[in-house]
Each structure stands twice: as structure tokens, then as C-alpha cells.
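Here is the structure we will look at, set down as C-alpha cells.
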Amino acid sequence: MTSKETEQHLENLVLNLNPSEFIYDFLLAFGFPKASVSRLKKGDFNRFKVAGEILYKGKIFFKEGQTGNMLFEVEELSHDPRILKENPRIIFLTDYKNVVAKDLRTKVNREFPITDLPKYRDFFVPITGAEIYKSTNDNKADRDASYALANFYDIVVQDNPELYKGDSHSLNILLSRLLFCFFAEDTGIFEKEGMFTDALANNTAENGSDLDVFFKDLFAKLNSRKSDHPSAVKDFPYVNGGLFKDEIKIPRFSKKSRDILLDCGNLNWDEINPDIFGSMIQAVADPEERSGLGMHYTSVPNILKLIKPLFLDELYEEFEKNRDNAKNLEKLLTRLSDIKFFDPACGSGNFLIITYKELRLLEIKIIQQLIEIENEYAEAQITAQTKMNFSGKGDTVAIPPTQQKINFGGKQAKIYYPQIQLSQFYGIEIKDFAHEMAILSLWLAEHQMNKVFVDQLEGFGQTDPILPLKESGKITLGNAATYDWEKACPKEANDEIYIIGNPPYLGSRNQDAEQKKDMELVFRKDYKSLDYVTIWFYKGAKYIDGINSKLAFVSTNSICQGLLVALTWPRILNDNIEINFAYQSFKWINNAKGNAGVTVIIVGLANKSAKPKLLFNDKVKKEVKNINAYLLDSNDIYVESKNQSISKFPSMNFGNMPADGGHLLFTEEEKKDFILKEPGSELWFKELLSAHEFLNGKKRYCLWLEDIEDDELVALPLVNERVKLVYNERINSSRPQLAVVPHLFAQITQPPNSDFILIPSTTSENREYIPIGFFDENYKSSNSCLVIATSQPWLFGILHSKMHMVWVDAVGGKLKTDYRYSAKLCYNTFPFPNITAKQKEIINQYVFAILDERAKFPQKTMAWLYNPDTMPKDLKNAHRELDEAIERCYRLAPFTSDAERLEYLFKMYDEMTKKDTLWAKEKKTKRKVAK
């Protein structure tokens with residue numbers, strides 16, 4: 001049942017309040033099977049026999065509370081051993097006006113009017129068993145364990161530096177084994193609670209000197225069925241499964257490291273989440289090595305963004321479609337047990353673990369529905385049977401409830417076992433530590449889910465013992481960039497395979513020598529500008545081509561922006577492969593320490609089909625016919641950089657680059673002080689505009705010495721001193737040739753004696769319009785802006801229009817999610833029709849109106865004027881009128897959406913850049929024939 005459906009049921013529940021049915025309707029609202037609720041109502045599942053009180057084992061304790069006393073009551077009940085014995089998650093009291101509830105695991109209380117019950121849906125979700133992991137890394141148990149193990153790791157490395165350098169694999173295996181032992185003693189894998197910690201505390205010296213011997217004996221016992229082991233470890237079970245198979249070099253320990261392990265034993269490992277062991281890895285493993293490989297440990301909601309549209313939503317749709325068809329539900333279970341899941345950059349296993357847990361939850365729901373179908377059939381059989389059974393007096397003979405549980409009209413109740421196995425999960429991981437953790441975490445996730453399986457199926461579900469450990473996920477230790485994926489995850493013609501993950505994304509400047517070799521090996525040529533993540537999309541597309549397989553990866557958004565689009569996607573998208581769903585740019589919050597967010601996209605690839613594609617933006621899902629490489633609802637067109645404007649606009653260049661070490665630049669105060677000391681310098685000062693100054697109303701100045709004569713420079717000793725400083729700066733730089741002209745900016749691109757249009761190279765994504773300026777020749781632009789030498793207002797109007805903004809947003813590069821303006825990619829590629837002098841004059845008038853509105857706020861900055869929250873109403877209106885005038889240059893019919901504008905622009909770009917079009921033909925010149 002979806003969250004919206006549950007909320008709707010809860011709304012109906014409080015609108016049509018019926019105290020006698022309230023708790024049963026409440027459970028039905030959360031998707032509990034009707035058969036189970038019916039048996040709870042009859043008393044079969046109620047562990048309390050007090051009238052009006054319901055104790056549903058492992059789920060909820062409910063009773064009618066006394067008005068004004070419920071807070072006291074709930075605290076009293078939360079310590080009642082009779083209740084705690086049955087381990088309910090929630091205590092729920094109500095007087096049918098107000099509700100008081102307590103989560104016995106998190107110790108969180110809630111008090112609210114009963115009419116607000118739908119708003120508290122999330123609080124009660126754990127009674128369904130759905131809350132088996134955290135959405136974020138803000139879990140005390142995970143954090144405590146992470147920091148403690150990080151401390152332990154550091155001390156062991158400090159005490160054994162040669163081990164860390166020579167055999168870090170042994171250290172990684174040791175840590176994996178310790179994590180398993182702590183988890184095992186708190187979750188019932190080991191027979192006695194605290195068994196590992198107690199054995200360590202009672203059988204090793206306080207100074208830690210014999211701890212290595214203890215671990216050697218323990219690991220040997222955990223890998224053996226024999227009983228001839230030292231008494232300290234003889235009671236431990238046989239574990240194996242590969243975890244304790246290999247003999248490792250065990251380091252020396254100290255009192256400090258032993259004390260930390262004992263402290264770790266006092267943590268609540270039952271609350272540790274295997275799916276966020278990645279955050280523990282970050283605190284423990286070498287951060288430089290890890291961050292260099294782009295490992296990200298991802299929150300559950302973000303993983304769901306990828307796996308739901310890739311496969312999970314479709315599986316749930318199949319389940320809902322066949323809820324009443326037992327045969328098809330059985331087929332769906334079989335299908336679930338056959339699917340392969342493959343993460344070729346799996347880190348410590350986040351994506352695989354969450355996928356595994358989600359599938360196990362779906363498996364439980366399917367089995368619950370099968371049980372309900374069987375129960376309904378059985379009840380019909382029992383009803384028919386009781387009508388036929390009469391005593392001598394004609395009375396019906398009731399069948400006891402316990403017998404009803406076992407007999408379905410004479411049939412033995414079916415016991416279900418999990419069909420989803422860890423052997424369906426494949427991965428490749430380059431780092432040894434993360435590789436070991438992925439294998440271990442999958443085992444622990446299996447144990448957690450087996451407990452949920454048995455609990456949720458209430459006597460109809462059974463699992464094999466966790467020990468000895470069975471085959472875990474098939475995680476290959478290797479470099480996925482160069483390793484053969486078909487060896488890591490073999491594929492057959494009829495296999496259903498989903499490739500998932502968050503591969504390393506590294507721009508060309510951030511790749512090390514080994515990664516550059518990987519790029520060369522995979523692509524052989526034209527690869528030097530590509531992002532490292534391109535390898536995963538390229539290899540993934542080849543892997544899924546022609547088989548029943550799909551993939552989705554998280555990636556940096558840069559591969560779908562700017563120049564990289566045309567360099568990257570023609571290698572991946574072809575006659576067979578298409579983008580079948582995508583998330584446009586969003587902040588990706590991971591579970592790593594620090595929880596830093598990066599701006600990413602999610603791209604799903606599949607074999608081409610006529611099915612609608614799904615495009616997600618800011619939680620909005622849209623069905624579209626096609627998703628192109630810019631992640632837009634448009635045709636497959638690649639916009640490539642141009643050296644000249646396809647619309648015949650005048651040239652655009654970067655502003656002037658100082659490269660002066662700051663010696664030619666001045667604040668307003670510094671300029672005043674300098675002129676006081678050397679009045680003759682005033683002639684040579686120009687106001688310098690960078691993007692920062694232009695947007696924020698700041699003033700900065702520069703010495704502009706372009707036309708100065710030698711004798712003039714000699715006559716200005718302070719200016720000459722600055723020039724010498726620039727010389728020293730440049731002669732010692734990577735470009736010493738610039739020292740030849742130390743009095744000039746290193747690069748002068750702004751034409752002299754000309755007005756110009758100025759555009760900041762980067763600006764906030766929140767602005768509806770990029771702020772643009774008009775300046776005369778007395779101003780100089782820095783290289784953080786772009787300039788067009790022109791005095792034509794109509795060009796200013798075109799660049800300041802909605803049509804141009806839509807184009808920039810689609811094809812321009814971005815810095816995170818902010819606009820990054822490019823002359824070759826945004827300006828030169830922008831398609832605009834030829835217009836008449838009259839049309840230009842009309843646009844001029846609208847531009848003057850905008851400039852007039854700006855002039856009404858002389859004290860305000862451009863950032864304020866173009867902030868959506870503060871932009872003056874009349875300025876907005878002036879822009880709207882300009883937008884309409886610009887759009888009429890394209891066509892008379894108004895555009896109804898940005899999507900429509902973009903579709904028109906892409907089509908026009910395609911036409912203008914084809915060789916056989918009208919625009920291209922205009923460029924041709926007749927060749928003179930020699931006579």
C-alpha cells in the first residue's frame with residue numbers, strides 16, 4: 001500500500017470514527033492482511049486477554065486511555081514486563097479525541113488530536129516492518145560504532161606500521177571479522193548475547209598482549225566444526241562461509257586497542273544498519289585513497305530514486321495487478337528469485353543491500369497476499385463443512401481456531417521460505433576493504449531480513465539457520481573500468497539483469513595516471529576530455545545491448561551539459577540503446593562522514609522501445625516520447641561549439657585577463673591613496689568589471705597602460721614599481737613569455753573605443769534572467785565576464801530574453817547547478833532568425849524600458865534586481881513584454897511552455913546547421929571560373 005493510500009485510509013478512519021472497530025481499521029490502513037486482522041479480532045493473535053486491550057506481538061499495544069492521564073499511562077505501560085515480553089514496536093493510547101503513542105525502540109513520544117492521525121503516518125510505519133533502515137546517517141548506533149572503530153584502526157596502525165604498509169588486506173579482513181562478531185552477539189547469530197565481548201574480556205590480559213593469540217584461536221574455531229579448541233573459544237559456533245576461512249596476519253595489540261574493543265562490545269549492534277556501513281568505512285579507511293576513487297555512500301532515498309523507476313515500480317505494479325491471482329503471484333515470486341542485480345562500482349555494497357532489502361519486502365507482501373487468498377479459500381471451505389456437520393440435536397460443530405490455522409479445509413498450511421538469495425547479487429569493487437565489507441554487509445542484511453520475514457509472516461514463514469554462512473553476494477575484487485563485466489556477472493540470453501550504482505566521476509583534470517590509462521584502454525582515441533564515469537555508461541550500454549537488461553547510474557551532471565554532451569553520448573546512444581528515464585540535476589546527499597552534497601543526475605539506459613520515457617525534475621515525474629542527451633524532452637540533437645555565431649551576431653570574447661598577481665588592481669580606497677601619492681597616475685585608471693563587481697555593485701579599478709609611452713611610465717615611479725612587480729610575478733610563472741609586456745594585462749580582448757555588452761560567465765540558477773550590462777569604453781571587463789563590442793540595444797534584448805535563457809539552461813555548462821555562460825556553446829549556437837530593421841527598432845524600445853526600470857533603483861545591485869524574491873514588479877513586466885517581442889520574431893503564435901520553446905529552438909538549430917538548408921546555402925559563394 002502506498003503512503004498516499006494509507007493517508008487516505010487514515011483520513012476516512014477519523015472521519016467515520018467507530019471505537020469498536022478503530023484499531024482493526026487502523027491496521028488495515030497500513031496494509032495488514034485482512035485474514036490477520038480478522039484473527040486478531042477473534043483473539044487468535046491478541047496476547048492480552050483484558051477486554052479493550054490489544055497486544056499484537058512485535059507490532060503494537062493498543063488500549064482506550066483515560067482523558068488527561070494518557071501521557072502518564074503510556075510511560076507506565078512502556079515498562080510493563082508483560083508488554084515488553086511480546087516486543088511491540090508502538091504503544092498506542094486514545095480517548096478518541098486525542099492520541100498518545102510511544103515508539104519503544106526510538107523512545108520517541110507523540111501526542112496529537114486524533115484528527116491529525118494521517119499526518120503521523122510515518123511515525124507508525126515501523127509496525128509494518130518497513131522501517132528496517134535509516135534514511136540518513138543520523139543514527140547514534142552507526143555513528144558511535146564508526147568513531148570507535150576509526151579510533152581502533154588508527155591505534156592498530158600506529159602500533160603496527162609495517163602491517164599497514166605491507167599487508168593491509170589482513171587488517172581489512174580483521175576489521176570485517178570483528179564487525180561480524182559484534183553484530184552476531186547482539187542479533188542472535190551467536191547463541192548468547194554478549195558472547196564475543198565476554199570471551200574477550202575474560203580470557204585476555206588487560207594490556208592486550210595476548211589478544212592476537214585469542215583472535216587466532218577464535219578465528220580457527222569459527223572456521224571449524226571440531227570441538228578440540230581452547231576453552232576460551234570452544235563454545236563458539238561454526239561460521240565459515242569464507243569469512244573465517246583464510247589465515248591472516250594478526251597485529252599486535254595494546255591496552256588502548258583492547259579497551260576500545262570492549263567499549264565497542266557495549267554498543268547496541270542490533271541497531272547498526274549494514275546499508276550505511278559505507279559511512280563507517282569512511283571513518284576507518286584511508287580517506288585520501290577513498291576520495292580519490294570517488295566512493296560515495298548513499299542515503300536510502302537517493303538509492304530509491306534510482307531503483308524505483310529502473311525496476312522496483314514495475315515489480316510493484318505487477319504485484320498490484322495480480323493481487324487476487326495466486327498463480328500469477330507465484331510466477332512473480334519465481335521471477336524475483338531469477339533476476340540478477342549487478343553494481344560494477346559497488347563500494348561497501350549500499351545499492352546492492354538496499355535493493356536486496358526492498359526485494360525481500362516485496363517478497364513478504366506477495367506471500368502475505370497468497371496467505372490471505374489461501375485463508376479466504378479455507379474459511380469458505382470451513383463454512384461449507386460446518387453446514388454439513390450436525391450433532392444429534394442439529395447443532396453445528398465449531399472447529400477450534402488452532403486447528404483452523406493448520407487446516408485449510410483439510411489441507412496442511414503451507415510454510416513459505418525466502419526465494420530471493422544473495423547469490424543473485426553481483427558487484428565489482430577495486431578497494432580491498434570495501435570489497436570485504438560488501439560481502440559482510442550482505443550477510444548481515446540477510447540475517448536482518450530473515451528476522452523480518454519470520455515476524456511478518458506470523459507462523460507461515462520460515463528461514464534456514466544463518467549459520468553456517470551460505471554463499472554471499474558475488475563481489476569481484478578488481479577494477480571495473482578494465483575488468484570484463486561478463487566475467488563478473490555472466491549473462492545468458494533470457495536473463496533479466498539490472499545494472500545499478502554510483503560509479504566514480506572524475507573530470508579529465510582530476511584523473512590520475514592509472515585512470516587516464518583506463519580511459520585510453522577503453523576508448524583508444526578522442527577520450528582526453530571525457531569524464532571517468534563515461535566508462536561505466538559505455539561498458540554498460542554494450543553489456544545490455546540486445547538482452548533483457550537495463551541500467552541506471554548516478555553521475556556528475558556535467559556529462560549532460562555543454563561540450564561533454566557531444567563528446568560523450570554518441571558513443572553510448574545508438575540505434576539500439578536509449579535513455580528510458582532520467583533525473584535532472586539535484587543535490588545528492590550521501591551517508592559519508594560530513595554528509596557533503598554534490599550536484600548529480602541519474603540516467604537510465606535500456607534497449608529501445610515504444611514505451612513512454614520518464615523524466616524527473618524537482619519531484620515532478622513526466623511521461624515523454626524521448627529523452628535526449630541533455631536530459632530534455634526533445635529529439636536527439638547534439639549542439640557542438642561554434643567559432644562563429646550561426647545567427648550572424650557580432651563576436652563575443654572573454655574579458656581582459658590580468659595575470660598580474662594583483663599588482664595592477666585596486667579597491668576604491670587603494671586607488672584614492674595611490675592617486676594622492678602620485679597624482680599623474682589618475683589618467684591611467686579605469687574601472688574594472690568582474691562578475692562579482694557587476695552583480696554586487698562593488699567598485700574595483702585597474703591601471704590600464706595600453707597606450708603609455710616609455711617616458712610617461714618613467715615619470716610615474718609608483719606606477720613603474722607596480723609594473724616591475726608584475727614582471728617578477730610573470731617571469732617566475734609557468735608562462736614567463738608574458739613578462740615581455742609587464743605593464744599590460746596578459747590578455748586584452750576588449751576592442752578599444754567601443755561600447756560593449758557584458759555577461760557574467762557564471763550566475764545563480766535561481767534567476768529567471770542572467771543579468772546583462774551595457775557599458776561604454778571607459779570601463780574594462782575582467783575575464784570573469786564575456787563581452788560583445790556593440791552599441792546595438794536589440795542584441796542586448798535578444799540575449800536578455802526568455803528564449804535565450806531556455807537555450808543557455810539546456811546546452812550551456814553549469815557550475816554545480818548555476819549557469820555557466822560560454823561564447824562558443826551558448827552564444828554562437830543560439831538560433832535566431834533574420835529580422836528587419838523595423839523589428840530591431842521595436843526590440844530597442846523594449847530594451848530601453850528595461851534600462852529605465854533598472855534606473856529607478858540606483859542604490860540596488862543587479863543581484864537584488866534579478867533575485868526572484870526582490871525583483872521589482874515593473875521590471876518583471878518590462879521583461880515579459882520584451883520576451884513577447886522576441887518570441888514574435890520566431891513565430892506569431894505564442895509559446896505555452898519552456899518545453900515548447902526548447903523544442904522549437906532545437907529544430908531550428910538542426911535546420912540552421914545542416915548543409916542543405918537555406919541558412920547554409922546563404923553562406924556559399926560562387927566560384928569564379930578561369931577564362
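Side chains are part of it too, since the values below use all heavy atoms of this structure and drop only hydrogens, waters and symmetry mates.
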Problem set entry | Residues in side-chain contact (heavy atoms from CB on, under 4.5 Å) contact with K876, at least two apart in sequence or another chain | M871
Problem set entry | From CA spacing to verdict: side chain to side chain donor-acceptor pair (under 3.5 Å), W536, S555 | CA-CA 10 Å; W536 274 257; S555 170; over 6 Å; no
Exercise. Is the gap between the ring centers of Y827 and Y821 under 6.0 Å?
Worked result: no
For this session: Evaluate side chain to side chain donor-acceptor pair (under 3.5 Å) for S585 paired with N557, printing each intermediate quantity in order.
Result: CA-CA 6 Å; S585 296; N557 60 352; 3.2 Å; yes
For this session: Would you mind telling me which of E670, E687, E668 makes a salt bridge (charged side-chain N to carboxylate O under 4.0 Å, His left out) with K699?
Result: E687
Problem set entry | Output field: ring centroids F832/Y890 closer than 6.0 Å | yes
Exercise. Within 45° of the six-membered ring axis of Y701 and under 6.0 Å from that ring's centre, is NZ or CZ of K671 located there?
Worked result: yes
Exercise. Does the pair Y769 and D883 meet the rule for a side chain to side chain donor-acceptor pair (under 3.5 Å), with working shown?
Worked result: CA-CA 11 Å; Y769 302 94; D883 290 340; 2.5 Å; yes
For this session: Would you confirm whether S761, through its side chain, and S784, through its main-chain N or O, come within 3.5 Å as a donor-acceptor pair?
Result: yes
Problem set entry | Where Q584 and L631 come nearest, the two heavy atoms and their spacing | NE2-O, 2.7 Å
Problem set entry | F857 and W864 aromatic ring geometry - parallel, tilted or perpendicular at 30°/60° bounds | tilted
Exercise. Is the NZ or CZ atom of K840 positioned over W794's six-membered ring, under 6.0 angstrom from the centre and within 45° of the axis?
Worked result: yes
For this session: Report the C-alpha separation of S647 and S645 in whole Å, then their side-chain angles, then the decisive distance to 0.1 Å, and conclude whether the side chain to side chain donor-acceptor pair (under 3.5 Å) test is met.
Result: CA-CA 5 Å; S647 300; S645 167; 4.5 Å; no
Exercise. Looking at F523, is R571 sitting on its ring face, NZ or CZ under 6.0 Å from the six-membered ring centre and within 45 degrees of the normal?
Worked result: yes
Problem set entry | NZ/NE/NH1/NH2 to OD/OE distance under 4.0 Å, K802 and D898 | yes
Exercise. Is the ring centre of H800 less than 6.0 Å from the ring centre of Y846?
Worked result: no
